[in-house]
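Taking it in order: structure first as structure tokens, then the write-up.
Reminder, nothing fancy here: chain letters follow the sequence lines and each chain counts from 1. What you see is a predicted model, and the numbers here were worked out from it, not measured in a lab.
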There are 2 protein chains.
Amino acid sequence: MVRKTKEDAELTRQRIIHAAREVFLVRGVSRTTMEHIATQAGVTRGAVYWHFDNKIDLFHAMREQVFLPLIDRMDDTLLVEGSEDPLTRIENFLCGTIQVLNDSMETRQIYEIMMIKCEYVDEFAAVLQQILSNCSGIAGKLQLVYERAKVQGQLHAAHDPAQLTMDTHLFFIGLLHMWVKDIEGNQFRHQAIELIKTHMQLRRR
Amino acid sequence: MVRKTKEDAELTRQRIIHAAREVFLVRGVSRTTMEHIATQAGVTRGAVYWHFDNKIDLFHAMREQVFLPLIDRMDDTLLVEGSEDPLTRIENFLCGTIQVLNDSMETRQIYEIMMIKCEYVDEFAAVLQQILSNCSGIAGKLQLVYERAKVQGQLHAAHDPAQLTMDTHLFFIGLLHMWVKDIEGNQFRHQAIELIKTHMQLRRR
DNA sequence: TTACATACATACAAGAATGTAGGCAAATTA
DNA sequence: TAATTTGCCTACATTCTTGTATGTATGTAA
């Protein structure tokens, strides 16, 4: 078969992205060649180069598939004032993220690639900046919610929302890192939810 | 000059390790070739291969130069019961680590390499295990000190040393990661010490 | 002072990896 | 249905890397 319909082509594109993820995970981004990805996807380098300019283009395509949903979920869970109080909303957001990692192998693998299978140099240095910018965004939204919690009297009088935000932010970054690295699962993965609950409990009055 | 004395040779070895650090930092570990390192060190690949089997051998040599001192300092600061109370000892250890990062460019760069310029696959997967094992060691010692704090009545009655340990551990891992990634310094580096003090203040009764 | 080991430099062979250019048949459009 | 574009494959040409093998001059020990 040579030429495909548009739908078939899009399917090929997706297959290539999936293949890239699988190979990145095993070989690391740097050691992965376009040939590896092509073979894994069952096509040739020609097809890969047709759909993507180069490796980092492919990397970005892969990354988008987990980060766009993350932002959406964050807004929904954190900012929409439903029946939950602010601190519970934060707790739900953190637990929800862990839940996504548990449920979605794809997300799990992409996090793993970004954390321990990628070197942020040259073209990839910009990716790191995007990640940091994302983190700032998360921290910003967290702080909004902590400020709501303060207003609603959920916090100890001595606790400052900005400080609590940073503390929670760093805690969660650490948790994500260890969750991802703890492949065996016996150290952090099994007790991640409990760790979050404990962390939040420390700041309820 | 061809043949050197033992002292000269050791000097060459050190120069190669330093060169490797510098090149790893700029090009990432994977993209760094032995030729890059040799050139940076002012020698040829012959010299590099004489002193080190391959790149990961060099990587280990580089890593040792910061990790052995870390362990020592940890034991000194955390475990030696001097004039300080337990919670202060923990605070001093955390602040001390940040201080080392501030003072020692070498340490700073090696952390940066290990966190965002290295892919933990194949031969490097074992390095990640060592790091995790190191983390376990740190957590273990932290917990000992938190238990001392509990005995000495420094903690709230409701707080469990094991839980506080994990929370502090994850906070600090997150802090280290963000400290390293925050090259500009405006986000985390400048306020790292304050963040630690705030974190510890959350658990003093 | 004669061996031998050491500390490198140089040269070579072999295998990747990349990007591009050209080909080709089927899908799409006019 | 003719013309064009799309989606992909094949085939270079070129450039890196690696490991090793070999050369060699100098410390060093007997």
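Side-chain N/O atoms of B/H51 include one lying less than 4.0 angstrom from OP1 or OP2 on C/dC8. Taking side-chain N and O atoms only, A/T5 has no distance below 4.0 Å to OP1 or OP2 of C/dA26.
Closest heavy-atom contact between B/H159 and B/K150: O-NZ, 2.8 Å.
Ring planes of A/H169 and B/F188: tilted class, angle from 30 to 60°.
What separates CH2 of B/W50 from C1' of D/dT24 is a distance of 13 Å, to the nearest Å. Taking atom CZ on A/R13 and atom P on D/dC8, their separation rounds to 12 Å, with Å as the unit. The distance from atom CZ of A/R31 to atom C1' of D/dC16 is 16 Å, rounded to the nearest whole Å. The distance between atom CZ of A/R15 and atom P of D/dG7, rounded to the nearest whole Å, is 15 Å. In this entry the distance linking CZ of A/F52 with C1' of D/dC8 reads 14 Å, nearest Å. Between the CG atom of B/L11 and the P atom of C/dA7 there is a distance of 13 Å, given to the nearest Å.
The side chain of A/A47 lies closest to D/dC8, out of D/dC8, C/dA9, D/dT17.
With sequence neighbours excluded, no residue forms a ring-ring contact (aromatic ring centres under 6.0 Å, His included) with B/Y120.
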Anything under 3.5 Å between a protein N or O and an N or O of nucleotides 18-21 of chain D, put it in a table, one pair a line.
unit_1: D/dT18; atom_1: OP2; unit_2: B/M34; atom_2: N; d: 3.2
unit_1: D/dG19; atom_1: OP2; unit_2: B/Y49; atom_2: OH; d: 2.3
unit_1: D/dG19; atom_1: N7; unit_2: B/R45; atom_2: NH2; d: 2.5
unit_1: D/dG19; atom_1: O6; unit_2: B/R45; atom_2: NH2; d: 2.9

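Of the possible donor and acceptor atoms, one in the side chain of A/D182 sits under 3.5 Å from a partner among the backbone N and O of A/R189.
Using a 3.5 Å distance cut-off with no hydrogens or angles, the side chains of A/E7 and A/T5 do pair a donor with an acceptor.
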Which atom pairs, one a donor and one an acceptor, fall under 3.5 Å between side chains of residues 19-29 of chain A and the rest of the protein, sequence neighbours left out?
unit_1: A/R21; atom_1: NH1; unit_2: A/Q109; atom_2: OE1; d: 2.6
unit_1: A/R21; atom_1: NH2; unit_2: A/H18; atom_2: ND1; d: 3.1
unit_1: A/E22; atom_1: OE1; unit_2: A/Q40; atom_2: NE2; d: 2.5

